[in-house]
Amino acid sequence: MTLEIALRPPFTFPFVFRNVLRAQSDGPQQEYHWVGQKRAVEQGDSNQGGQNQPPQNKKSEQAYRALSNITLGEVEDAIGLFENQLVPAHQNWIGKNYFCKIPLKRKRDGRPPVIFGRVKTCYPSDGQLENVEDIELSFPRKDGRPDPLLIHKDEISLYSQKFVESYYVRVQFMASVEDQADFAESDALLSTSGFVSEFESSYYSILEMTELNQSTHPSLYVIDSRWFDSIPESLYAEMKAQLEKMLRWGKHIFNYHPNWLPKEVNTLNRILGYKYGFTSTVLTEPENLQETAHIIEKTFNRIFEREPQ
């Protein structure tokens, strides 16, 4: 059975909103603005003269943030939020769910020389930059949900010394050398969603993690139950304590536990004393590679969009 993780996301910032009053000749109107969305509500919707005004049936309009409203400092902050979680993927190639760094043509509107974000979609399709006309990008922010951006092909700088760089999100797999063969298909499953597998069999890559250096380590971990079961008894208690620290530091741990494993191999939930309905923390236990790839993508999307659990 697959259970949802009840962890605190590493980025817990409040949503940002503002309202703007605008006067028009035909009467006052109050306009509420959310990031990426806008909705107008007539002040006359309340009772006036004993009659109710009919409700407005106006669809919400998607609003893109203007590049000229983004400062270079904001771009640097956005890169800093994820740079330790990313590794280079391609040059001059755009793909959905990939992070990208895109050099922009300089215009006299104050826009930064480069923009960074996660590709939400592109037209006509993923692929070489010269084949892409429009890119919808989610621009990360320190203090709220990502801003939607729309970048046209003619806004991208194509100078020879500048390239569009795309990046994978790192996923650390902890598995023995013998068991890594079981994850051979994980690269193909994860790469289509913008992730890359990094395999490690040594116990010390986790044991050497501290509060000071943990930010340089991946945020997403897949720990094989057979790998944990092979830990020497002398390191067992220390490893349990380290996993609990990792969760407090905001790491997301998925316990790969196929249902054909013998009962003698315990899940991490049992080892750490976590139980659904009784503890605030419960690790997800995918049983196959498809489940693993799905829960990784779902969890990261929630982290990136700063959605509640």
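Fair warning: this is a prediction, and the values are worked out from it, not measured in the lab.
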- Task: Go through the steps to decide whether Thr292 and Phe254 satisfy the test side-chain contact (heavy atoms from CB on, under 4.5 Å), and finish with yes or no.
- Result: CA-CA 8 Å; Thr292 304; Phe254 314 102; 5.5 Å; no
Looking only at atom types and distance, does a side-chain atom of Ser219 sit under 3.5 Å from a main-chain N or O of Lys251, one as donor and one as acceptor? no
Under the side-chain hydrogen bond (donor to acceptor under 3.5 Å, both in side chains) criterion, do Asp187 and Ser197 qualify, and how do the steps go? CA-CA 6 Å; Asp187 277 335; Ser197 308; 3.0 Å; yes
Next item on the list: State whether Glu155 and Lys105 are salt-bridged, where the test is any N-O pair (Lys NZ or Arg NE/NH1/NH2 against Asp/Glu carboxylate O) under 4.0 Å.
Entry: no
Taking Val265 as the starting point, is it possible to reach Ile271 by hopping between hydrophobic residues whose side chains are less than 4.5 Å apart? no
Taking every heavy atom of Ile223 against every heavy atom of Ile206, the minimum-distance pair comes out as CD1-CD1, 4.4 Å
Would you mind reporting whether Ile70 and Arg65 have side-chain heavy atoms less than 4.5 Å apart? yes
- Query: Below 4.5 Å, heavy atoms only, C-beta onward: do Leu272 and Lys240 meet side chain to side chain?
  - Reply: yes
> Would Met209 and Tyr236 show up in the same hydrophobic cluster when neighbours are defined by side-chain heavy atoms closer than 4.5 Å?
Replying inline: yes
Output for pair (Arg270 CZ, Asn255 CG), nearest 0.5 Å, gives 11.5 Å
Quiz item: What's the verdict on side-chain hydrogen bond (donor to acceptor under 3.5 Å, both in side chains) for Ser176 and Ser230, showing C-alpha distance, side-chain angles and the deciding distance?
Solution: CA-CA 8 Å; Ser176 65; Ser230 68; 6.0 Å; no
Practice problem: Return the orientation label for the Phe304 and Phe300 ring planes: parallel under 30°, perpendicular over 60°, tilted otherwise. | Solution: parallel
Crowded around His294 NE2? As in, over 12 foreign heavy atoms under 6.0 Å? no
(message) Given 3.5 Å as the limit, does a donor-acceptor pair link the side chain of Ser205 with the main chain of Ser202, or not?
(response) yes
With a 4.5 Å limit on heavy-atom distance, are the side chains of His217 and Gln172 in contact?
-> no
Notebook entry, point to check: If you group Ile, Leu, Val, Met, Phe, Trp and Tyr by side-chain heavy-atom gaps below 4.5 Å, do Leu261 and Tyr274 land in one group?
Noted result: no
(message) Donor-acceptor pair, distance only, cut-off 3.5 Å: does the side chain of Glu136 make one with the backbone of Leu149?
(response) no
Separation between SG (Cys100) and CD1 (Ile94), nearest 0.5 Å, reads 4.0 Å
| Could Arg145 and Glu305 be called an ion pair, given the rule that one side-chain N must be under 4.0 Å from one carboxylate O? | yes
Contacts of Asp109 meeting salt bridge (Lys or Arg N to Asp or Glu O under 4.0 Å) (sequence neighbours excluded), chain-then-number -> Arg111
Problem set entry | Single-linkage hydrophobic cluster Trp93~Val132, side-chain heavy atoms < 4.5 angstrom | no
Are Val196 and Phe82 connected, step by step, through hydrophobic side chains (Ile, Leu, Val, Met, Phe, Trp, Tyr) whose heavy atoms are closer than 4.5 Å? no
- Task: Look at the rings of Tyr98 and Tyr168 and say which category their plane angle falls in: under 30° parallel, 30 to 60° tilted, over 60° perpendicular.
- Result: tilted
Is there a side-chain contact (heavy atoms from CB on, under 4.5 Å) between Glu133 and His152 once you walk through the steps?
CA-CA 6 Å; Glu133 295 294 333; His152 303 291; over 6 Å; no
Exercise for the section: Take Ser225 and His257 through the side-chain hydrogen bond (donor to acceptor under 3.5 Å, both in side chains) test and state the conclusion after the steps. Expected result: CA-CA 6 Å; Ser225 291; His257 192 89; 2.7 Å; yes
Which of Phe195, Tyr167, Phe116 passes ring-ring contact (aromatic ring centres under 6.0 Å, His included) with Phe99? It is Phe116
Enclosure of Tyr123 OH (heavy-atom neighbours >12, cutoff 6.0 Å)
no
Exercise. Answer whether the closest heavy-atom distance between the side chains of Lys275 and Val282 falls below 4.5 Å.
Key: no
Please tell me if the side chains of Met174 and Asp224 come closer than 4.5 Å, counting only heavy atoms from C-beta onward. no
Scanning both residues in full, the closest heavy-atom pair of Asn213 with Glu208 reads ND2-O, 3.3 Å
Exercise. Would you confirm whether Asn301, through its side chain, and Lys298, through its main-chain N or O, come within 3.5 Å as a donor-acceptor pair?
Key: no
When rounded to the nearest 0.5 Å, the distance separating CD1 of Ile135 from CD1 of Ile156 is 4.0 Å
>> Do Met246 and Tyr221 make a side-chain contact, defined as non-hydrogen atoms from C-beta onward lying under 4.5 Å apart?
In response: yes
> Under 4.5 Å between any side-chain heavy atoms of His252 and Ile303, yes or no?
Replying inline: yes
- Do Tyr256 and Trp227 have their ring centres less than 6.0 Å from each other? no
Interatomic distance, OH@Tyr204 vs CD@Gln242, rounded to 0.5 Å, equals 13.0 Å
* Got more than 12 heavy atoms from elsewhere within 6.0 Å of CD, Glu211? -> no
message: Is it the case that atom NZ in Lys153 sees more than 12 heavy atoms from other parts of the structure closer than 6.0 Å?
response: yes
Report task. Please answer whether the main-chain N or O of Pro146 pairs with a side-chain N or O of Arg118 as donor and acceptor at a distance below 3.5 Å. Result -> no
Scanning both residues in full, the closest heavy-atom pair of Asn84 with Arg170 reads O-NH1, 2.8 Å
All heavy atoms of Gly144 vs all of Arg306, minimum pair found to be O-NH1, 2.5 Å
So CD1 of Ile151 and CG of Leu137: to nearest 0.5 Å the spacing works out to 5.0 Å
Go through Arg141 and Asp147 one step at a time and tell me if the side-chain contact (heavy atoms from CB on, under 4.5 Å) criterion holds. CA-CA 7 Å; Arg141 297 167 58 232; Asp147 284 339; 3.0 Å; yes
When you compare the side chain of Glu297 with that of Asn97, does any pair of heavy atoms fall below 4.5 Å? yes
Glu285/Asn269 under side-chain hydrogen bond (donor to acceptor under 3.5 Å, both in side chains): CA gap, chis, key distance, verdict:
CA-CA 9 Å; Glu285 298 172 355; Asn269 280 314; 2.6 Å; yes
Under 3.5 Å, side chain of Asn288 to main-chain N/O of Gln290, donor-acceptor pair present? yes
dist Glu83:CD -> Glu76:CD (nearest 0.5 Å) comes out at 10.0 Å
Of Leu190, Val222, Leu189, the one forming a side chain to side chain contact (heavy atoms under 4.5 Å, CB included) with Leu289 is Leu189
task = Show your reasoning for whether side-chain contact (heavy atoms from CB on, under 4.5 Å) applies to Val169 and Leu220.
result = CA-CA 9 Å; Val169 177; Leu220 303 171; 4.2 Å; yes
